[in-house]
Asker: 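The structure's right below; bear with me while I get my questions together.
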2 protein chains.
Amino acid sequence: MSQPPAIPRTDAALIALRRILRATEHYERDLAQAAKLTPAKLRVLQILAGTETRSAMPTQLSTQMGVSQATVTALVDQLDKLGLTQRQRSSTDRRQLHVILTDAGLEALRNAPDALQQHFVTGFQALQDWEQAMLVASLERVAAMLNAQGIDASPLLTLGDISRPRG
Amino acid sequence: MSQPPAIPRTDAALIALRRILRATEHYERDLAQAAKLTPAKLRVLQILAGTETRSAMPTQLSTQMGVSQATVTALVDQLDKLGLTQRQRSSTDRRQLHVILTDAGLEALRNAPDALQQHFVTGFQALQDWEQAMLVASLERVAAMLNAQGIDASPLLTLGDISRPRG
DNA sequence: CACCGATATTTCGGCAAACGAACCTTGCTC
DNA sequence: GAGCAAGGTTCGTTTGCCGAAATATCGGTG
């Protein structure tokens, strides 16, 4: 417990952070393979699943994912081809497009439980209440620190619904 | 204010985690651009810089980075071409190879301060002592949760030296 | 209605990262 | 020295991403 800090705290934190990042990278890849979907495509599906309408516009997707529109187009192209999403022009503004998650898409998501979540959730839920609280606070703090410089801003609703496949 | 947990804790944690990941991805790319190096190449240099001998064998690199040997070969090819690393066959076993960080490579690293660290360190050091402690504990916990399932185990010494450009 | 500027998306060409499989080298063992 | 294992490399391909240019649409203005 009270060890003299052999490793300065900053470094310890950084190392932990790195480890998290690396672990996640891998999970994402494994997961994607299991689901026969690539990470990026999976992310799209997850975002869509997280919306009320199960749909979103490309611009929205590109913002939330932090990639360019061109990239989104490419991804949606493929998801469409797989029948997991569907494009539909907006009736009010025909420039706009709705990318809609199909039933098949939702199904695919169900079969691809997020490995990251699996592990994390399991571990997390085993914690004491106060520990959970502390963890959340900490993570949010880190996120804030990193995010400080912009990048994001979008509320990122992605995960909420997915982790609860409420019938 | 009896807020029914709008976002359950697990989700909150997950969201924060995701945000960290996304932020980091971006930082890595920006950073790489600033340094005229791509993220992957930079990672190689960092690992090398973190060793006693400033060198490592491809297998080692591939393990630590979690990529295949083929990938490492490609990366080292390019670093070699840039004069940032150098290949040298082992004298004891000529199958083996040492990938050595050149002075130029070290220099390149110095000019490429890790953006992730910059931000994080700054923020981190502004925290109260107890907050720092809490954060470290939390991060380590998360790392442990994610790492539980193997993936790595290698001690990941990479960062220690780099974050303190004490020269 | 015809034209203009802004907005939303797609197309195109290109680069980096990564993989698996096939293939050399080298060392070790019998 | 034949054969096998280990360490690397080569080759062909996939994925993810981008910027720039093209396309389509909307909302005015005259």
Asker: Can you tell me which residue pairs pass the side-chain hydrogen bond (donor to acceptor under 3.5 Å, both in side chains) test with a partner in residues 94-106 of chain A, sequence neighbours excluded?
Answerer: A:Asp93-A:Arg95
Asker: What's the CZ-P distance between B:Arg87 and D:dG7, to the nearest Å?
Answerer: 16 Å
Asker: Rounded to whole angstrom units, what separation is found between the CG atom of A:Leu42 and the P atom of D:dT15?
Answerer: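 The distance from CG of A:Leu42 to P of D:dT15 comes to 14 Å, rounded to the nearest Å.
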Asker: Ignoring hydrogens and angles, write down the donor-acceptor pairs under 3.5 Å from the side chains of residues 129-136 of chain A, residues two or more places apart or on other chains.
Answerer:
unit_1	atom_1	unit_2	atom_2	d
A:Asp129	OD1	B:Arg9	NH1	3.0
A:Glu131	OE1	A:Gln128	N	3.0
A:Glu131	OE2	B:Arg141	NH1	3.0
A:Glu131	OE2	B:Arg141	NH2	2.9
A:Gln132	NE2	A:Phe124	O	3.0

Asker: Give a yes/no on whether any side-chain N or O of A:Ser68 is located under 4.0 angstrom from OP1 or OP2 of D:dC18.
Answerer: yes
Asker: Answer yes or no: is there a side-chain heavy-atom contact under 4.5 Å between B:Leu61 and B:Leu48?
Answerer: yes
Asker: When you check every protein heavy atom under 4.0 Å of nucleotides 22-29 of chain D, what one-letter string (B, S, -) results, 5' to 3'?
Answerer: ---BS---
Asker: For B:Ser91, what residues pass the side chain to side chain donor-acceptor pair (under 3.5 Å) criterion, not counting sequence neighbours?
Answerer: none
Asker: Quick one: do the B:Thr71 and B:Ser68 side chains pair a donor with an acceptor below 3.5 Å?
Answerer: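 Distance-only check passes for B:Thr71 and B:Ser68.
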Asker: Tell me every residue that passes side chain to side chain donor-acceptor pair (under 3.5 Å) with B:Thr38, counting only those two or more places apart in sequence or in another chain.
Answerer: none
Asker: Residues in side chain to side chain donor-acceptor pair (under 3.5 Å) with A:Ser55, at least two apart?
Answerer: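 Only A:Thr53 meet the side chain to side chain donor-acceptor pair (under 3.5 Å) criterion with A:Ser55.
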Asker: Kindly write out the residues that satisfy side-chain contact (heavy atoms from CB on, under 4.5 Å) with B:Ala40, not counting sequence neighbours, or none if the list is empty.
Answerer: B:Arg43, B:Leu75
Asker: Taking side-chain contact (heavy atoms from CB on, under 4.5 Å) as the test, write out the residues that go with A:Gln88, two or more places apart.
Answerer: A:Ile100
Asker: Please enumerate all residues that pass salt bridge (Lys or Arg N to Asp or Glu O under 4.0 Å) together with B:Glu107, with sequence neighbours excluded.
Answerer: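 Expected list: none.
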Asker: Would you kindly give the CG-to-P distance between A:Leu61 and D:dG16, to the nearest whole Å?
Answerer: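 Whole-Å distance recorded here is 15 Å.
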Asker: Considering only heavy atoms of chain A and a distance under 4.0 Å, specify the first and last nucleotide of DNA chain C in 5' to 3' order that meet this criterion.
Answerer: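 Answer, 5' to 3': C:dA6 to C:dC19.
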Asker: Could I get the full list of side-chain contact (heavy atoms from CB on, under 4.5 Å) partners for A:Arg87, not counting sequence neighbours?
Answerer: A:Thr73, A:Val76, A:Asp77, A:Asp80, A:Leu97
Asker: List in numerical order all residues of residues 69-83 of chain B for which some heavy atom is under 4.0 Å away from an atom belonging to DNA chain C.
Answerer: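 Heavy-atom contacts with DNA chain C come from B:Ala70, B:Thr71, B:Leu75.
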Asker: Measure the distance from CD on B:Gln88 to C1' on D:dG8 and round it to the nearest whole Å.
Answerer: 16 Å
Asker: For B:Thr59 and D:dG8, is the shortest distance between a side-chain N/O and OP1 or OP2 below 4.0 Å?
Answerer: yes
